[in-house]
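Remember, predicted model here, so these are calculated numbers, not experimental data.
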Amino acid sequence: YDYGDDIPIVVFREYTEPTFTLNCNPTTLKHNEKTTCELIVNTQTEITEIKTDINTGDLIIKELKPEEGWTIEKEENSYIIKTEKPLIGEEKVLSAILEAPSTSKETINITLENMSYITNNNEQLATTPTTNIKVEAEEVEVDSKGNLIILIMSSEINAEKIETEFDKL
């Protein structure tokens with residue numbers, strides 16, 4: 001049969017939404033300790049730009065470092081991560097070093113909010129990657145008995161010195 005040029009051909013392609021994963025290590029910190037977080041992207045569609053707000057709760061951003069081939073710009077409350085060579089596949093695009101100050105809460109959710117990505121000049125909304133960091137207060141051991149012994153010994157030594165100096169007069 002000859003159908004000619006009038007019959008449209010429809011091709012179905014499976015589309016997988018790009019995934020954005022935020023991995024932090026370690027996930028449990030004491031006050032003033034640091035963790036390193038990585039943003040990993042897995043995509044079958046070429047991505048050239050990622051835009052996001054970074055919410056680190058009480059944690060302080062000490063360093064934001066794009067991976068080789070990527071750049072990062074700050075725009076108001078957002079960060080824009082760009083590449084000249086479009087990303088296809090799985091790749092780490094950004095790493096961040098975060099520090100827990102002594103005022104940190106017990107559990108902190110780190111989220112990349114208002115996230116979007118650009119592919120073929122088309123902007124798409126992305127799911128919000130989240131990870132939890134647990135901050136533990138350092139336990140301070142108080143050895144009151146040892147401190148009391150040192151205090152008594154110190155007092156006795158000072159009393160002996162005073163007596164010796166007093167005898168010299």
Side-chain angles (χ1 to χ4, degrees), residues 16-119 123-158:
T16 305
E17 191 76 26
T19 58
F20 299 86
T21 309
L22 190 60
N23 293 330
C24 296
N25 190 22
T27 56
T28 301
L29 301 174
K30 292 197 183 314
H31 289 151
N32 301 315
E33 286 186 339
K34 295 176 184 166
T35 185
T36 300
C37 298
E38 300 175 338
L39 174 61
I40 299 167
V41 179
N42 190 351
T43 180
Q44 295 175 0
T45 308
E46 291 184 343
I47 292 179
T48 56
E49 185 176 305
I50 301 164
K51 185 176 180 180
T52 186
D53 300 343
I54 301 174
N55 182 352
T56 60
D58 288 349
L59 298 180
I60 300 166
I61 298 174
K62 290 301 208 178
E63 181 182 332
L64 276 179
K65 181 181 170 194
E67 292 301 312
E68 188 175 333
W70 292 84
T71 60
I72 188 167
E73 300 170 9
K74 181 144 173 60
E75 181 182 276
E76 294 182 27
N77 296 330
S78 296
Y79 291 92
I80 301 171
I81 310 158
K82 295 180 180 181
T83 184
E84 294 291 322
K85 181 183 172 199
L87 166 65
I88 287 187
E90 185 174 20
E91 188 175 309
K92 177 172 68 166
V93 299
L94 177 74
S95 63
I97 297 175
L98 308 175
E99 183 178 351
S102 56
T103 56
S104 288
K105 300 175 191 170
E106 187 174 320
T107 301
I108 297 168
N109 294 324
I110 300 171
T111 54
L112 300 182
E113 300 170 341
N114 302 321
M115 192 163 194
S116 62
Y117 60 93
I118 294 181
T119 149
E123 188 170 355
Q124 307 284 329
L125 293 177
T127 55
T128 301
T130 302
T131 191
N132 292 332
I133 300 290
K134 184 175 182 188
V135 179
E136 298 176 338
E138 286 190 61
E139 293 180 18
V140 179
E141 291 184 26
V142 178
D143 183 9
S144 59
K145 293 178 186 173
N147 290 339
L148 184 58
I149 291 170
I150 290 170
L151 184 61
I152 291 171
M153 289 174 55
S154 176
S155 296
E156 287 178 8
I157 291 170
N158 287 338

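Ala100 approaches Leu59 most closely through the heavy-atom pair CA-CD2, 3.5 Å. The two residues Thr48 and Trp70 have their closest heavy-atom pair at O-CZ3, 4.4 Å. The shortest non-hydrogen separation linking Asp58 to Ser104 is OD2-CA, 3.6 Å. Between Ile133 and Pro26, the closest heavy-atom pair is CD1-O, 3.9 Å. Looking at every heavy atom in both residues, Thr83 comes nearest to Gly69 through OG1-O, 2.9 Å.
When atom types are taken as modelled, the side chain of Thr119 and the backbone of Glu46 share a donor-acceptor pair closer than 3.5 angstrom. Judged purely by atom type and a 3.5 angstrom limit, Thr43 has no side-chain atom pairing as donor or acceptor with the backbone of Ile88.
Residues Asn114 and Asp53 have side chains that bring a donor and an acceptor to within less than 3.5 angstrom of each other.
Contact of the Glu99 side chain with the Asn32 side chain is registered, since non-hydrogen atoms from C-beta on lie closer than 4.5 Å. His31 places a side-chain heavy atom less than 4.5 Å from the side chain of Val135. With a 4.5 Å cut-off on side-chain heavy atoms, Ile54 and Leu64 count as touching. At a threshold of 4.5 Å between non-hydrogen side-chain atoms, the residues Leu98 and Ile61 count as touching. Taking 4.5 Å as the limit, every side-chain heavy atom of Phe20 sits out of range of all side-chain heavy atoms of Leu112. At a threshold of 4.5 Å between non-hydrogen side-chain atoms, the residues Leu39 and Ile81 count as touching.
Paired with Ser116 under the rule side-chain hydrogen bond (donor to acceptor under 3.5 Å, both in side chains), one option of Glu123, Lys51, Gln124, Glu49 passes, and it is Glu123. Tested against Glu113 for a side-chain hydrogen bond (donor to acceptor under 3.5 Å, both in side chains), the candidates Asn55, Thr130, Thr128 yield a single pass: Asn55.
To the nearest 0.5 Å, atoms CD (Glu90) and CD (Gln44) are separated by 12.0 Å. Distance check, rounded to the nearest 0.5 Å: NZ of Lys34 to CD of Glu63 gives 9.0 Å. Thr45 OG1 to Leu87 CG: the interatomic distance, rounded to the nearest 0.5 Å, is 10.0 Å. Atom CD1 in Ile108 sits 8.0 Å away from atom CG in Leu29 (nearest 0.5 Å). To the nearest 0.5 Å, the span separating CD on Glu38 from CG on Asn25 amounts to 8.5 Å. Ile80 contributes atom CD1, which lies 9.5 Å from atom OG1 of Thr71 (distance to the nearest 0.5 angstrom).
Dense packing is recorded around NZ of Lys74, with more than 12 heavy atoms of other residues, nucleotides or ligands lying under 6.0 Å away.
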